[in-house]
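First up is the structure itself, then whatever we jot down about it.
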Amino acid sequence: MKNLVHFQDLGTQRHYQEIWDYQEELLAANVKIKQHNRAQEKLDNPEFLLTQNRLLFVEHPHVYTLGKSGHIENMLANSEQLEKIEATFVKTNRGGDITYHGPEQLVGYPIFDLEVFKPDIHLYMRNLEEVIIQTIGEFGLIGERSKGETGVWLDVGKPFARKICAMGVKASRWITMHGFALNVNTDLRYFEYIIPCGITDKAVTSLERELGRKVAMEEVKKVTLQKFEEVFDLTIVQD
């Protein structure tokens, strides 16, 4: 039987801290279930509970987020510049360095219990990349991995290599949070205020820039959900 994943589209203009707090709540609820199940193992008639896998889609207002291992010097804008471009800055607990979130960027947060999939964070990251590689493939783009650099790229190893999707996650008791940010019709000028992911020799791109046209966000969401089902061998149910 395939794992069920409850999907929520949280809409647009949802502040980063609000959705981070929500992810923490979902993660904590699953950790509590795991603690309950471990206690039940000692009983004669155990009553086990199932953790709940979730997938959240959202668009944030302009915000820069710095991962726990990131370098603040990769944030090039000061507080006055941030105010001028109507952006905020948040230090977060995900992996990775600095990145940007904003309108017309599809941000996905899987809250997955990897113990019911496979407890392998490396495999999980590669599967996340595969979801995006296959998604943009449906729009005619060839996505690739770049050795030692998480995310999805175009033209790796060539002079004009560029990143189309950033990724950074956290896992606790094999429960994941945070996730990916796929540039759809994203205003790429906002990346000029950072050194994206701390990488200086590659550019950033979007579906819109590569295809020369706006792409319907709903179409991208639909394809991405389909690829999650295929790559992770799961069934998505809408909340």
Side-chain angles (χ1 to χ4, degrees), residues 7 9-14 16 55-65 74 76-77 81-82 84-87 96-110 125-168 179-231:
F7 169 68
D9 189 336
L10 302 178
T12 63
Q13 292 297 308
R14 300 294 295 271
Y16 184 86
L55 176 59
L56 313 176
F57 280 178
V58 69
E59 290 177 53
H60 295 300
H62 304 296
V63 59
Y64 297 99
T65 67
N74 291 324
L76 304 180
Q81 289 172 310
L82 288 176
K84 185 176 181 180
I85 62 176
E86 299 182 330
D97 207 289
I98 197 164
T99 194
Y100 160 79
H101 297 311
E104 294 291 319
Q105 180 191 67
L106 177 59
V107 178
Y109 297 131
M125 294 303 297
R126 302 296 78 76
N127 282 340
L128 268 189
E129 290 168 344
E130 188 63 26
V131 167
I132 301 304
I133 288 170
Q134 292 191 22
T135 295
I136 67 174
E138 293 294 323
F139 294 89
L141 300 181
I142 300 175
E144 300 176 88
R145 297 176 178 86
S146 180
K147 187 176 181 180
E149 298 171 330
T150 304
V152 176
W153 307 76
L154 304 179
D155 290 334
V156 173
K158 298 179 182 178
F160 301 107
R162 53 215 181 273
K163 193 172 197 174
I164 196 167
C165 183
M167 294 182 180
F180 67 88
L182 174 62
N183 297 327
V184 181
N185 305 308
T186 315
D187 186 345
L188 299 178
R189 291 175 297 178
Y190 277 82
F191 286 96
E192 296 172 4
Y193 295 91
I194 60 173
I195 301 174
C197 303
I199 298 169
T200 59
D201 61 342
K202 295 184 179 70
V204 177
T205 191
S206 66
L207 282 172
E208 179 185 22
R209 173 167 288 184
E210 296 299 321
L211 300 177
R213 63 177 175 84
K214 292 270 188 188
V215 181
M217 185 65 79
E218 290 305 315
E219 184 181 1
V220 179
K221 291 177 182 178
K222 181 179 178 181
V223 174
T224 306
L225 289 176
Q226 177 188 338
K227 299 306 179 183
F228 260 100
E229 288 192 317
E230 294 174 0
V231 172

- prompt: Hey, mind stepping through L182 and I136 against side-chain contact (heavy atoms from CB on, under 4.5 Å) and telling me if it holds?
  reply: CA-CA 9 Å; L182 174 62; I136 67 174; 4.1 Å; yes
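- Looking at E219 and K222, no side-chain N of the basic residue comes within less than 4.0 Å of a carboxylate O on the acidic one, giving no salt bridge.
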Derivation of the salt bridge (charged side-chain N to carboxylate O under 4.0 Å, His left out) call for R189 and E192: CA-CA 6 Å; R189 291 175 297 178; E192 296 172 4; over 6 Å; no
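- How far OG1 of T99 is from CG of N74: 11.0 Å, rounded to the nearest 0.5 Å.
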query: Given K163 and E149, is the salt bridge (charged side-chain N to carboxylate O under 4.0 Å, His left out) satisfied, shown in steps?
result: CA-CA 10 Å; K163 193 172 197 174; E149 298 171 330; over 6 Å; no
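- For R126 and E129, the salt-bridge test passes: some basic side-chain N is under 4.0 Å from an acidic carboxylate O.
- When atom types are taken as modelled, the side chain of Q134 and the backbone of K227 share no donor-acceptor pair closer than 3.5 angstrom.
- When all heavy atoms of G179 and P110 are compared, the pair lying nearest together is CA-CD, 4.0 Å.
- Contact annotation: the side chain of I133 approaches that of R145 to within less than 4.5 Å [non-hydrogen atoms, C-beta and beyond].
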- prompt: Which is it for V184 and L207 under the side-chain contact (heavy atoms from CB on, under 4.5 Å) test, yes or no, and what are the steps along the way?
  reply: CA-CA 5 Å; V184 181; L207 282 172; 4.2 Å; yes
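- Scored by the side-chain hydrogen bond (donor to acceptor under 3.5 Å, both in side chains) test, S206 finds no partners at all (sequence neighbours excluded).
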field: Stepwise side-chain contact (heavy atoms from CB on, under 4.5 Å) test for V231 and L128
entry: CA-CA 8 Å; V231 172; L128 268 189; over 6 Å; no
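- Within the 4.5 Å cutoff, no side-chain heavy atoms of V131 are placed close to those of F180.
- The aromatic rings of H62 and Y100 sit parallel to each other, their planes meeting at less than 30°, with 60° as the upper class boundary.
- In this structure, the side chains of V220 and F139 come closer than 4.5 Å at one or more pairs of heavy atoms.
- Atom OG1 of T135 and atom CG of L225 lie 9.0 Å apart (nearest 0.5 Å).
- With rounding to the nearest 0.5 angstrom, the CG atom of L10 is 9.5 Å from the OH atom of Y109.
- Residues L154 and I142 fail the side-chain proximity criterion, which asks for heavy atoms closer than 4.5 Å.
- Taking 4.5 Å as the limit, some side-chain heavy atom of L76 sits within range of a side-chain heavy atom of I195.
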query: Is there a side-chain contact (heavy atoms from CB on, under 4.5 Å) between D155 and R162 once you walk through the steps?
result: CA-CA 7 Å; D155 290 334; R162 53 215 181 273; 2.8 Å; yes
